[in-house]
Amino acid sequence: MSAPMAGSPGEPATVTGHPHRFGEPSVHPAWLPSEAFRALGSRRVLVHGDGPLVDTVETEVTWACSRFGGQALVAPYRDEPVDLVLALRWAGPLPAPATRALAPLNETGGGLGDEGFLLTRVGDTTVLLAGGPAGLLYGLYHVVRLGEAAFDPGLVTRRHRPALRRRMLDHWDNVAVHPVMGQVERGYAGGSIFWRNGGPRRDLARVRAYGRLLAACGINAVSVNNVNVGATEARLLTERLGDVAEIADALRPFGVRVHLSVTFAAPVVLGGLPTADPLDEKVRSWWATTTRQVYERIPDFGGYVVKADSEGQPGPFTYGRSHADGANLLAEALAPLGGVVHWRAFVYNHRQDWRDRRTDRARAAYDHFAPLDGEFRTNVILQVKYGPIDFQTREPVSPVIAAMPATRLAVEMQVTQEYTGQQRHVCYLGPLWREILGFRPWGEDGRTVAAVVAGEPAKGPTRTRSGPGGGLVAVANVGDDPYWCGHPLAQANLYAFGRLAWDPELDPAAVLDEWIDLTFPPTATEDPALVRETVHAIMDDSWRTYERYTAPLGVGFMVNPGNHYGPQVDGYEYSQWGTYHFADRDGVGVDRTRATGTGYTDQYPPPWRDVYESPETCPDELLLFFHHVPYDHVLHSGSTVIQHIYDTHFAGVEQVEAMFRRWQLLAGVIDPALHERVTDRLDEQVLSAREWRDHINTYFFRKSGVPDAKGRRIH
């Protein structure tokens with residue numbers, strides 16, 4: 001085997017050669033290795049336009065051309081042949097090829113918006129026309145994604161525009177190290193890239209590299225601190241605002257706006273007021289003044305993220321006010337300055353009596369927020385977890401998404417793998433997210449979840465609020481690990497989130513193709529066909545594989561309390577957190593029906609309220625979420641519940657063992673250090689999957705007394 005080529009994933013040090021020093025010598029370049037720029041960098045490229053984001057485009061093009069022998073051209077420009085034109089549509093006079101490209105742009109409807117672009121072919125020149133500087137930046141990285149295909153004479157003219165305006169990551173990073181959660185809550189990739197031991201990281205090279213990666217997959221906003229706002233973190237809003245401003249300065253060249261998680265009690269904690277009552281005039285005045293000061297320092301500040309009245313965080317309930325009152329307080333302060341407040345709908349009773357079978361955590365978000373529909377200001381975005389519980393491997397789509405047509409909604413995902421293997425296990429989440437985004441809460445003729453969060457109106461008479469929608473948000477998964485996400489293959493989840501937020505119709509397998517070809521460029525890989533085949537074989541079905549060897553049929557949890565890693569079937573069964581499975585000698589599952597259970601099914605519109613109500617029509621994968629059934633209940637698959645539990649847990653382990661064997665085929669084909677890191681993680685996954693299999697199967701064998709029909713060993 002030849003040595004890894006410069007700029008390959010095996011040589012992260014190559015990022016130090018970039019003019020903006022978008023990285024550090026020890027950091028893996030993820031989906032932007034130098035080699036990914038070869039097709040663009042070996043050609044004559046004209047950049048036409050001006051502005052800070054255009055400067056970033058020029059810097060990228062200049063660097064790529066200097067590395068791969070091309071030529072970077074900028075205005076003023078003599079009319080001579082070029083291979084690629086990257087131009088702002090309105091930055092006239094346009095170069096001749098770009099002027100000719102206006103015709104196909106008009107034929108496609110013309111609308112590009114600030115972030116959109118048109119890619120076409122004019123004679124021997126590829127032309128990218130952007131509606132604004134951000135569109136030029138996104139267009140550049142799209143050309144990088146396409147590689148040589150961007151210069152194919154048969155390139156199909158296509159307009160590209162994000163479906164969702166807000167594509168955001170929430171970092172659960174703590175400024176001060178938390179005594180339990182550490183520097184990053186639910187972080188599985190080392191420390192924070194923003195904060196360290198109570199203060200900011202002064203070297204922002206890693207942050208700049210991060211902004212570049214985000215732009216290259218379409219993410220345009222981040223919240224830089226934990227939604228559980230501690231005493232130190234609260235002060236980022238006031239005396240430590242300069243630390244946030246430095247992060248904003250580092251991310252701005254990549255079109256990424258900074259948001260800040262704030263405590264609802266800030267007027268008391270920071271302002272010395274006796275109350276944080278949202279209807280108190282002094283409280284309103286404090287927020288207005290403080291917010292103006294934020295924008296004076298960070299003019300493009302995105303807004304606030306708030307977790308209130310949840311898991312111990314302060315909120316408007318303290319003062320007898322509603323969540324609309326609380327959210328509107330901050331929205332009022334932000335509105336004149338163009339900001340939004342992301343108000344999380346994760347509100348529930350976390351001190352539940354496990355003996356009480358009528359109180360249902362799944363109902364909480366709907367019960368709290370659906371009655372408030374229409375009461376939120378236009379710059380409030382209600383941020384709703386995609387499922388009603390807490391980022392489980394399998395949950396139904398939250399009924400809140402269909403219940404608030406007059407409210408801007410954002411759906412919240414979790415890129416960090418809290419309940420999906422904690423970045424020690426391969427679990428490609430693209431198929432899960434695509435399934436959620438494509439779900440139709442009102443049935444086959446209704447809108448998808450993606451359409452709801454994009455702000456698309458419903459057909460016919462409706463109270464739906466037209467406008468920009470709320471977008472898509474996810475809890476981030478990066479840390480200061482050299483591979484960003486701890487597990488090198490977990491980088492695919494971050495990439496896929498950005499791409500699906502840009503276009504929810506994308507096929508997750510095609511997105512994975514993009515990520516593979518960028519991360520392991522064919523021109524820098526010993527056997528690109530083997531790499532692609534192997535990575536697909538490992539990752540395509542990995543979410544369902546993880547589901548097979550963990551909690552069955554949508555019941556969720558069954559994890560060790562606290563760290564949420566590894567199996568403990570009754571870990572939360574008698575706890576205050578409301579996450580139960582109610583397994584007994586006769587059956588398992590939670591009765592959430594209208595007829596005999598908690599009534600949760602009634603929160604859905606037709607047809608789902610009736611589909612979920614009956615075990616005869618409920619999808620198998622959600623059966624135990626909605627129903628308590630006997631172990632001999634026959635699934636639509638033809639298997640009984642107990643045999644399904646046995647079969648899937650044995651199968652899951654076999655599939656993980658096959659993953660491990662397949663990965664060994666790439667030894668000597670890709671970078672040895674990356675291969676070794678993934679091998680170590682797969683070894684851990686094999687051991688953990690076996691532990692899950694044996695815990696779950698043994699538990700249910702002892703509960704039910706029903707043996708495995710196939711006679712396999714159960715302890």
Side-chain angles (χ1 to χ4, degrees), residues 348-349 352 354 356-367 370 384-403 419 432 435-436 438-444 446 449 543-544 547-548 550-559 569 572-573 577-584 586-645 648 696 700 703-704:
Y348 69 98
N349 174 16
Q352 184 175 327
W354 61 269
D356 176 11
R357 298 287 281 261
R358 298 297 303 180
T359 301
D360 184 1
R361 174 171 166 174
R363 291 185 55 106
Y366 183 104
D367 287 343
V384 182
K385 289 189 178 185
Y386 71 78
I389 298 292
D390 192 14
F391 302 129
Q392 296 303 292
T393 311
R394 177 80 67 171
E395 294 186 46
V397 169
S398 171
V400 177
I401 296 168
Y419 295 102
L432 167 62
E435 189 174 293
I436 293 162
F439 182 76
R440 297 180 183 273
W442 297 275
E444 287 304 311
V449 168
W543 161 51
R544 293 180 179 86
E547 180 183 28
R548 289 179 188 110
T550 54
L553 299 171
V555 74
F557 278 86
M558 297 185 174
V559 293
V569 186
Y572 280 101
E573 192 61 16
W577 294 98
T579 53
Y580 312 126
H581 56 71
F582 298 131
D584 55 31
D586 299 315
V588 60
V590 185
D591 185 353
R592 291 189 162 103
T593 65
R594 298 187 298 277
T596 57
T598 68
Y600 170 74
T601 57
D602 205 35
Q603 294 184 342
Y604 287 90
W608 294 105
R609 66 171 48 159
D610 297 320
V611 170
Y612 293 146
E613 177 72 10
S614 169
E616 304 308 317
T617 55
C618 183
D620 283 351
E621 64 269 19
L622 292 171
L623 179 68
L624 301 187
F625 188 93
F626 285 102
H627 299 277
H628 187 90
V629 297
Y631 294 111
D632 61 359
H633 174 86
V634 178
L635 302 171
H636 298 111
S637 67
S639 176
T640 62
V641 166
I642 189 64
Q643 193 59 43
H644 173 90
I645 291 172
T648 53
I696 300 294
F700 283 105
K703 279 282 185 182
S704 69

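One-based numbering along the sequence shown.
In summary, E435 and R440 do not engage in a salt bridge, as defined by a charged side-chain N under 4.0 Å from a carboxylate O. Salt-bridge check for D591 with R358: failed, with every basic side-chain N at 4.0 Å or more from each acidic carboxylate O. Ion pairing of D360 with R592 is present here, as a side-chain N (NZ or NE/NH1/NH2) and a carboxylate O approach within less than 4.0 Å.
Side chains of L553 and V641 form a contact here, defined as non-hydrogen atoms less than 4.5 Å apart. Residues W354 and E573 are not in side-chain contact: their nearest non-hydrogen atoms beyond the backbone lie 4.5 Å or more apart. Put simply, the side chain of K703 does not reach to within 4.5 Å of the side chain of V588, judged on heavy atoms. The shortest side-chain heavy-atom distance between I642 and F700 falls under the 4.5 Å cut-off. Side chains of F625 and Y612 form no contact here, defined as non-hydrogen atoms less than 4.5 Å apart. The shortest side-chain heavy-atom distance between T550 and M558 does not fall under the 4.5 Å cut-off. Side-chain contact between P441 and Y604 is absent, with no heavy atoms from C-beta onward closer than 4.5 Å. Side-chain contact check for Y600 versus Y366: every heavy-atom pair is 4.5 Å or farther apart.
T601 and E613 share a side-chain donor-acceptor pair at under 3.5 Å. Defined by atom type and a distance below 3.5 Å, a donor-acceptor pair is present between the side-chain atoms of H636 and D620. If you check the side chains of D390 and Y419, you find a donor sitting under 3.5 Å from an acceptor.
Aromatic rings of F439 and W608 (six-membered ring for Trp) have centroids within the 6.0 Å cut-off, being under it. The six-membered or imidazole ring of Y580 lies away from that of Y572, with a centre-to-centre distance of 6.0 Å or more.
In terms of heavy atoms, S398 sits closest to V384 at OG-CG1, 3.6 Å. Residues F582 and G589 approach most closely at CB-O, 3.6 Å, considering heavy atoms. Closest non-hydrogen pair, Y386 versus L432, comes out as OH-CD2, 3.8 Å. Residues E621 and R394 come closest through the heavy atom pair O-CG, 3.5 Å. Minimum interatomic distance between H633 and E616 (heavy atoms only, all atoms of both residues): CE1-OE2, 4.1 Å. Across all non-hydrogen atoms, the minimal contact from S704 to Y631 is CB-CD1, 3.5 Å.
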| task | Take V449 and V397, measure what side chain to side chain contact (heavy atoms under 4.5 Å, CB included) needs, and give me the verdict at the end. | result | CA-CA 9 Å; V449 168; V397 169; 4.0 Å; yes
| When you look at D367 and Q603, which way does the side chain to side chain donor-acceptor pair (under 3.5 Å) test go after all the steps? | CA-CA 9 Å; D367 287 343; Q603 294 184 342; 3.2 Å; yes
| said: Working note: T579 + R361, criterion side chain to side chain contact (heavy atoms under 4.5 Å, CB included); need CA distance, chi angles, decisive distance, verdict. | reply: CA-CA 7 Å; T579 53; R361 174 171 166 174; 3.3 Å; yes
| request: Tell me, with the steps shown, if V629 and L624 meet side chain to side chain contact (heavy atoms under 4.5 Å, CB included). | output: CA-CA 7 Å; V629 297; L624 301 187; 3.7 Å; yes
| Residue pair V590, H628: steps toward the side chain to side chain contact (heavy atoms under 4.5 Å, CB included) verdict | CA-CA 5 Å; V590 185; H628 187 90; over 6 Å; no
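If you take NE2 on H644 and OG on S637, they are separated by 7.0 Å, rounding to the nearest 0.5 Å. Note that CZ of R594 and CZ of R609 are 6.5 Å apart. Values are rounded to the nearest 0.5 Å. The CD1 atom of I389 sits 13.0 Å away from atom CH2 of W577, with the distance rounded to the nearest 0.5 Å. Here CD1 of I696 is found 8.0 Å from CD1 of I645. Values are rounded to the nearest 0.5 Å.
Between the T640 side chain and the D632 main chain, no donor and acceptor come within less than 3.5 Å of each other. With hydrogens and angles disregarded, no donor-acceptor distance shorter than 3.5 Å links the side chain of Q392 to the backbone of G554.
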